[in-house]
Amino acid sequence: MVGEAGELANEALYVRFQSTIRNGRGHFTGVFGLVNGLARDGKLTAEQERFRRANNDWYNAANPDPSSVDPTVYDHKLHPGAAAWFKCTSRDLIKRVDGYLEILAAHGIECRMMRSSDPGRIVYEDEYQIVVVPHEASQGQPGPSAIRGGDAYRACGS
């Protein structure tokens, strides 16, 4: 990577894959929520559903579920807009996102990769991820940078 994207990859500590359009609550749905939504609506092919199920199971075994550790982490009143971000050191977890991005692309759903060293107020953290309440634009905090294109493996400058 060169230029601005390369600099962001070198500086960013966290990465997130999310929709380009706000959901009904005014937030950007993450890549797993987007694919799970397609499954819930019965829109996945049999092959896509097999991929989703196998990889969701892998993720569930490979890293903690923040809401199992802290049931309030995604509480909309306590932590409005809370969203999970991978730590850039979680390369094995990030690599598997590519298959989810392929499913979304096949259904015409845009997804963008966000990188940031300070995506918001951390309300949960483990070895692999953080959950943050995003900074409000009016607070003047540095926000995440959106990068379109590329693959998940290169999300953190791999």
Side-chain angles (χ1 to χ4, degrees), residues 1-2 4-6 8-9 12-71 73-76 79-117 119-120 123-134 143-158:
M1 294 180 145
V2 253
E4 183 181 4
L8 288 170
L13 299 174
Y14 310 105
V15 65
R16 176 173 167 78
F17 301 88
Q18 67 182 30
S19 64
T20 59
I21 300 169
R22 292 181 186 275
N23 62 24
R25 292 180 184 221
H27 307 294
F28 296 99
T29 305
V31 65
F32 303 114
L34 292 169
V35 173
N36 289 337
L38 289 171
R40 198 172 31 256
D41 293 343
K43 294 183 178 180
L44 297 181
T45 66
E47 181 180 333
Q48 290 170 338
E49 177 57 20
R50 278 191 299 275
F51 170 88
R52 183 191 75 87
R53 188 68 266 143
N55 282 277
N56 281 5
D57 290 346
W58 183 88
Y59 275 105
N60 290 338
N63 70 315
D65 173 2
S67 58
S68 293
V69 176
D70 177 0
V73 75
Y74 292 114
D75 182 290
H76 300 294
H79 307 297
W85 290 67
F86 288 113
K87 290 183 175 181
C88 280
T89 53
S90 302
R91 296 195 186 282
D92 287 343
L93 300 176
I94 295 168
K95 281 192 286 190
R96 286 186 177 244
V97 171
D98 282 335
Y100 290 85
L101 297 175
E102 289 171 14
I103 290 172
L104 294 174
H107 290 271
I109 297 173
E110 286 191 48
C111 195
R112 66 181 168 195
M113 178 173 37
M114 305 292 289
R115 296 184 181 117
S116 180
S117 294
V123 295
Y124 170 86
E125 182 171 6
D126 63 40
E127 179 181 351
Y128 309 102
Q129 64 194 328
I130 59 172
V131 176
V132 303
V133 174
S145 299
I147 307 295
R148 291 184 192 230
D151 59 278
Y153 184 71
R154 298 185 188 281
C156 295
S158 299

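The model shown is predicted, which means the values in this text are computed figures rather than measured ones. Below, each value reflects all heavy atoms present in this structure, side chains not excepted, and no hydrogens, waters or symmetry copies.
- The aromatic ring centroids of Tyr59 and Phe32 lie less than 6.0 Å from each other.
- At least one donor-acceptor pair closer than 3.5 Å links the side chain of Arg16 to the backbone N or O of Ala84.
- Applying the salt bridge (Lys or Arg N to Asp or Glu O under 4.0 Å) rule to pairs touching residues 45-55 yields Glu49-Arg52, Arg53-Asp57, sequence neighbours excluded.
- Distance check, rounded to the nearest 0.5 Å: CD1 of Ile103 to CG of Asp98 gives 11.5 Å.
- A donor and an acceptor atom, one from each side chain of Tyr100 and Asn56, are located under 3.5 Å apart.
- For Asp75 (side chain) and His79 (main-chain N/O), no donor-acceptor pair under 3.5 Å exists by modelled atom type.
- Gln129 places a side-chain N or O within donor-acceptor distance of the main-chain N or O of Pro64, the cut-off being under 3.5 Å.
- No side-chain heavy atom of Cys88 sits under 4.5 Å from any side-chain heavy atom of Leu13.
- Donor-acceptor pairing under 3.5 Å is lacking for the side chains of Gln18 and His27.
- Val133 and Pro80 get closest at one heavy-atom pair: CG1-O, 3.2 Å.
- Between Leu44 and Val35, the shortest heavy-atom distance links the atoms CD1-O, 4.2 Å.
- Proximity of Tyr74 to Pro66: side-chain heavy atoms (C-beta onward) are separated by under 4.5 Å at one or more points.
- Between Glu125 and Lys87, at least one side-chain N (NZ, or NE/NH1/NH2) sits under 4.0 Å from a carboxylate O, which counts as a salt bridge.
- Expressed to the nearest 0.5 Å, how far OH of Tyr128 lies from CG of Leu93 amounts to 7.0 Å.
- Between Arg115 and Ala12 the shortest heavy-atom distance is CB-CB, 3.6 Å.
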Original post:
Given the rule in the side chain to side chain contact (heavy atoms under 4.5 Å, CB included) test, do Phe28 and Met114 qualify, once you have shown the distances and angles that lead to the verdict?
Top reply: CA-CA 11 Å; Phe28 296 99; Met114 305 292 289; over 6 Å; no
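- In terms of the side chain to side chain donor-acceptor pair (under 3.5 Å) criterion, residue partners of Asp65 (sequence neighbours excluded) are, by chain and number, Ser67, Ser68.
- Of all heavy-atom pairs between Trp58 and Asp92, the closest is CH2-O, 3.8 Å.
- Nearest heavy atoms, Arg25 versus Asn23: N-OD1, 2.9 Å.
- The distance from atom CG of Leu101 to atom CE of Met113, rounded to the nearest 0.5 Å, is 8.5 Å.
- For the side chain to side chain donor-acceptor pair (under 3.5 Å) test, no residue two or more places apart in sequence or in another chain qualifies with Glu102.
- Atom OG1 in Thr89 sits 7.5 Å away from atom CD in Glu127 (nearest 0.5 Å).
- For Thr45 (side chain) and Gln48 (main-chain N/O), a donor-acceptor pair under 3.5 Å exists by modelled atom type.
- Taking CD1 from Ile94 and CZ from Arg96, the interatomic distance works out to 13.5 Å, rounded to the nearest 0.5 Å.
- The two residues Val131 and Ala82 have their closest heavy-atom pair at CG1-CB, 3.9 Å.
- Looking at heavy atoms from C-beta onward, Val123 lies out of side-chain contact with Ile130 at the 4.5 angstrom threshold.
- Here the OH-OG distance, from Tyr14 to Ser116, works out to 9.0 Å after rounding to the nearest 0.5 Å.
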Original post:
Under the side chain to side chain contact (heavy atoms under 4.5 Å, CB included) criterion, do Asp41 and Leu38 qualify, and how do the steps go?
Top reply: CA-CA 5 Å; Asp41 293 343; Leu38 289 171; 5.8 Å; no
